[in-house]
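What follows is a single structure, and I will ask about it in a moment.
Excluded from the calculations below are hydrogen atoms, water molecules and symmetry mates; all remaining heavy atoms, backbone and side chain alike, are included.
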Amino acid sequence: MEKPSYNTDIVRGFVNWSIIWGLVAVLVGVIVSLQMVNPDLNFPPYLTFGRLRPIHTNAGIYGWGVGFIFATFFYMAQRLCKTPIWSPKLAKFQLWFFNATIIASAVTLLMGFTTSKEYHEMEWPIDLMIIVLWVMFAINIIMTIIKRREEQMYISLWYMMAAIIGIAVLFVVNSAAVPAALFKSYSAYAGTNDANVHWWFGHNAVAMALTAPPLAMFYYFLPKSTGVPIYSHRLSIISFWSLIFMYLWTGAHHLLWTPVPDWVQTLAMAFSVMLIAPSWGSVINGYLSMNGQWHQMRDNYLVKFLILGLTFYGLQTLQGPMQSIRTFSAFIHYTDWVPGHIHMGTMGWVSMIGFACIYYLVPRIYGNEIFSIPLANLHFWLILIGQLIWSISMWVAGVLQAGMWNAMNPDGSLTYTFMETMVEMYPYWWARAIGGLIYLIGVLIFIYNLYMTVQKGKKSSSTLTEAEGRA
Amino acid sequence: MWEKKPVLLMVLATCTILAGTIITMILPFTWVNTKADRIEGVVPYTPIEQEGRDIYIREGCNNCHSQTVRPLVAEVLRYGEYSKSGEFVYDRPFLWGSKRTGPDLARVGGKYPDSWHYKHMDSPRSMVPRTNMPDYKWLRDNPLDAEAIQHKMDVLDFPYNNPQIAALQTKNEMDAIVAYMQKLGNDINWRKATQVEIIGELVNPYAGVDHITMEPWESVYRNNCAACHGEHLEGEIGPELVGDNYEEEELFKIIYNGIPDGGMPSFSALGSDKVWQLTNFIKYYNQGEGESH
C-alpha cells in the first residue's frame, strides 16, 4: 500500500498558534500572581485581577490546551487512519476561526463581558463561535475516522472520539442562557441548579479537555518515542470505559457543604475516590510500558517529558480524590491549596505532555532536527522546578490558612480575624510568583529552541525512524 | 466489535457519559428551586441591586470572594448563618465562587453601614492596611443606564416600579454595587435570630487594669474597630468612642452583639475575653494615657 500524503500544514499552524497562546497564558499568569502581592499593579478598568484572571485561565485551556489538541489530533488521526485529513480546507478555515475566537474572547473578557462561570466566562456570541469551531473539528476528525484505511481503531482514537462528544455535550448544556444585550446574558438555570450544572461542566471539562486528549497523546506518542508498544491494550480499554463512566458523577465535589443536595455530594465523593482506579490504570500501563526501557529516561528527552507528565497525572488523580472527601474539603476548600492542585495538573501533566508532543512533531512537520537537546533538557528542568515551587508553596499556604481559619479559643471563639490569616499568605504568594517566572523562562527557552530548529536546524533524514528523538 | 465501528463506539460512549449526567445533574432539578426548598422572605433583586450584581460579575469579584457559608462551626462563627438553597433562587448565574482570597460575602448584607462600603470600595487599604484588594473608586465616575437596566429586569422577569427606574438616573455604579452588597444574605432574618441574650451578671475580669496591661490590646482594637472608629477612637464612620459614655456592661453588650439596625457588627466571634479587653481598652486606655503624659 503506498503511503498516503498526510497534511502537515494544518499541524504546523496549530502547533505555532498554540505555543503563542500558551505564552500569553503563562505571561498573564505571572502578571496576576504579581497583582496578588502588590495591588498597585491593578490598572482599572481593564487590567485588574478580576478581569485578567479569566484571560489567564481561558488562554491556557482553550488557546494552549485545545490548540495543541487540534494539532496533535490532526497529526494522529491521519496516521492512525492511514488516510489524509478528510477536508484540508475546513481544517485551514478552522485554524483561522480558532484564532479569531481566542482573540475575541480575550478582547471581550478585558472589556468585562463575562458570565462569571469559571472556565466558561465568555459571553454568548463567543460561545456560539466556540460551538461552530468544535462542530468543524468534530466533522473533520470523525469523517477521517470513518474513511480510514486501517480497520482497527487504536485506543488514542477512542479517547479522541469521547473527548469530541463529551466537550460538545458539556459546553452546550452549560452555555444555555437568555441574552439581554449583545454581550450580556443570564444563565438559563438559577442558584443551586446553576451551581450544580456548572460544576458538572467544570469538572468534566477537565476530564474531556485536559484528561482524555492528553491520554490519547500519551498512548500514541510514548510508544512512538520509545519504540516499544503499550504494555497492555486490555488495561487501556478497561481504563477508557471506566474513566468516561465515572467522571460524570463527580462534579459536585466542587460543591461539598454547599446547598446542593447532600446525596449529589455523596455520590460525587464516592465516584471521585473510585476514579483513582481508571486513572491509575493508565498510569500503571504507562510505567509498565517502560519495562526494560527505563534507561531512556536518561537519554531520550521526549520520554522524560512524557513519563514525568504521567507521574504528575498519577499524583493529581490521588490528590483530587483526597480533596473530594468531605472532611478534607471542609479544611482546604477556598484556600490556596486548590490553585496548587490545579497547577500541578496544568503545568505538570497537561503541559508536559503538550511539550513532548510538540518536540516530537516539529522535526517531522518541518523536516529539521531539534536545534539543541541540551536546551530542551534545560526547558524540562526549569518547568519542573517552576511548577514544584508553585504548587508546593500553595499547598503549604493552603494548609496554613485553613488552620488559621479553623483555629478556636478554649471558649469557642475564633482565634484569628480574616485579615490576620490573609497577611500570612504574602510570602507564599511571592514564592508562587517566582515559581511562575521560572516556568515562564522555561517556556521562552522552549520557543527559542523551536524557532532555531525551524530556522537553522539540520535537515533530518528523509525517513524519520520511530526511534527519532533519542539523544 | 466496537474497536472497528466508530459510530457504534460513539453511541456507546455517549450513553456512558449520560448515565452520571442524568442522575447527578438532571435529576436534582426535580427538587431544587421548587416548593421543597423555597424560603419565605427571599425576594428578587431591585433594579439597582441587580445592576450592582452585574457590575460585581463584570469586575470578576467572584474570582476572590465566595458567596456560600458552609455549615461548619468556624465558618458560621466567622460569617454567619450557613447558606440555604432557597436563598439563591433569583441568582442567574450563581456566584458561589471557589476561592477566598478575600472573605466570603454571602452574609455581608447589613453587617456594615453603607458609608463603610463606600469608603472601603474607594480605597480598601485606607481601612484594612495590608489587604491586596484593588481600588474601585473609579466606579463613581460611571453613571447608570436606566433604560438598559429596565430591559434587563424585563429579561429576568423581576418586578420593579417606575420610581425605582427613575431613581437610577442620579446614581452611579458605586451606588449600585453597595446596594447589592447590602442585599446579600439579608432576606432571612438571621442576624437577630442568632443574637445572644446575655443572662446573669456580667463581671469585668480585668477590673482595675493598669495601662501597661492594656497596651497589647491596642492591636485587637486596631484589627477590629479602627477602620470605623479611627486609630485614636476619634470616630469616623462610627461615632467617637468616649469612655465615660457607657457603663462597662453596656459597652460589652454593644460590642458582643452589635447594633443590628445601627450598622455596628457583632463581635461575638472574638470571644468574651477579647470583647472584655476591648471594653476596658475603649473605656480606660485614653484616660490612662492622659495620666501618664
*Determine the interplanar angle of the F94(B) and H198(A) rings, folded into 0 to 90°, and report it as parallel if under 30°, tilted if 30 to 60°, perpendicular if over 60°.*
tilted
*Please state whether the side chain, the backbone, both or neither of N193(A) comes within less than 4.5 Å of a heavy atom of chain B.*
both
*Does the side chain of P39(A) reach to within under 4.5 Å of the side chain of N132(B), using non-hydrogen atoms?*
yes
*Name the region of Y426(A), side chain, backbone, both or neither, that has any atom closer than 4.5 Å to a heavy atom of chain B.*
side chain
*Under 4.5 Å from any heavy atom of chain B - which part of N409(A)*: side chain
*Given that the side chain runs from C-beta out, which part of R51(A) has a heavy atom under 4.5 Å from chain B: side chain, backbone, both or neither?*
both
*Contact part of N38(A) toward chain B, heavy-atom cut-off under 4.5 Å: side chain, backbone, both or neither?*
neither
_Heavy-atom contact with chain B under 4.5 Å, split by part of T417(A)_ = both
*Nearest heavy-atom pair of P28(B) and V264(A): which atoms, and what distance?*
CG-CG2, 3.8 Å
*Report yes or no: is the cationic atom of R100(B) (NZ for Lys, CZ for Arg) under 6.0 Å from the centre of the six-membered ring of Y334(A), at an angle within 45° of the ring normal?*
yes
*asked:* Tell me whether R78(B) contacts the main-chain N or O of W405(A) through its side chain, where contact means a donor paired with an acceptor under 3.5 Å.
replied: yes
*By a 4.5 Å heavy-atom criterion (distance strictly below it), what part of L255(A) contacts chain B: side chain, backbone, both, or neither?*
side chain
*Heavy atoms, side chains only, cut-off 4.5 Å: are V338(A) and S98(B) in contact?*
no
_Regarding R125(B) and D40(A), does a basic nitrogen lie under 4.0 Å from an acidic carboxylate oxygen?_
yes
*Can you tell which part of A188(A) gets under 4.5 Å to a heavy atom of chain B, answering side chain, backbone, both or neither?*
backbone
*Is the backbone of L256(A) close enough, under 3.5 Å, to the side chain of R70(B) for a donor and an acceptor to pair up by distance?*
no
*asked:* Given heavy-atom pairs under 4.5 angstrom as the criterion, report whether the side chain, backbone, both or neither of P45(A) touches chain B.
replied: both
*Measure the acute angle between the ring planes of F418(A) and Y79(B), then classify it against the limits of 30° and 60° as parallel, tilted or perpendicular.*
tilted
_Between N42(A) and chain B, with a heavy-atom cut-off of 4.5 Å, which part of the residue counts as in contact: side chain, backbone, both or neither?_
side chain
_Using modelled atom types and a 3.5 Å cut-off, is there a donor and acceptor pairing between side-chain atoms of R130(B) and backbone atoms of M419(A)?_
no
*Considering only heavy atoms and a distance below 4.5 Å, find which of W241(A), F271(A), F113(A) pairs most often with chain B.*
W241(A)
*Heavy-atom distance under 4.5 Å to chain B: side chain of Q152(A), backbone, both or neither?*
both
